[in-house]
Q: 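Let me give you the structure first, and then I'll get to my questions.
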Amino acid sequence: MQIRCQRCSFVFTLSHEALTTALEEIDKTPTRHYNIECPKCRRQIKVPVKQIRRFQPRQE
Ligand SMILES: [Zn+2]
């Protein structure tokens, strides 16, 4: 899943592992946005939960 920093426009990929962790956090604390830190400028990026769920790894 590609994330773009709103501050420095740095684009990075969120791993499946990080996505799974994010989803676990969201399930514990329902929220509309999940904060991810930009690896370049360290700003908190708000990612819509809907976007994360769309990229949820398939459970088979
Ligand atoms: Zn940034």
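All values below were derived from every heavy atom in this structure, side-chain atoms included, with hydrogens, water molecules and symmetry-related copies excluded. Indexing begins at 1, ligand by ligand and atom by atom, following the structure's order.
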Q: Check the pair Ile36 / Gln44 against side-chain contact (heavy atoms from CB on, under 4.5 Å), numbers first and verdict last.
A: CA-CA 5 Å; Ile36 293 162; Gln44 295 286 310; over 6 Å; no
Q: Which residues pass the salt bridge (charged side-chain N to carboxylate O under 4.0 Å, His left out) test with Arg32, not counting sequence neighbours?
A: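 Listed in chain order: nothing, the list is empty.
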Q: Identify, with sequence neighbours excluded, every residue that meets salt bridge (charged side-chain N to carboxylate O under 4.0 Å, His left out) alongside Arg4.
A: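 Salt bridge (charged side-chain N to carboxylate O under 4.0 Å, His left out) list for Arg4, sorted by chain: empty.
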Q: Just to verify, what does Pro39 make a side chain to side chain contact (heavy atoms under 4.5 Å, CB included) with, not counting sequence neighbours?
A: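 Pro39 satisfies side chain to side chain contact (heavy atoms under 4.5 Å, CB included) with Phe10, Phe12 once adjacent residues are dropped.
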Q: Counting C-beta onward and ignoring hydrogens, is there a side-chain heavy-atom pair between Arg43 and Gln6 closer than 4.5 Å?
A: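 When only atoms from C-beta onward are counted, Gln6 and Arg43 do touch, with a gap below 4.5 Å.
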Q: Which protein atoms of type N, O or S are found under 2.8 Å from the Zn ion (ligand 1)?
A: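 Only Cys5 SG, Cys8 SG, Cys38 SG, Cys41 SG fall inside 2.8 Å of the Zn ion (ligand 1).
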Q: Write down the atom of His33, the atom of Val49, and the distance for their closest heavy-atom approach.
A: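 Taking every non-hydrogen atom into account, N-CG2, 3.8 Å.
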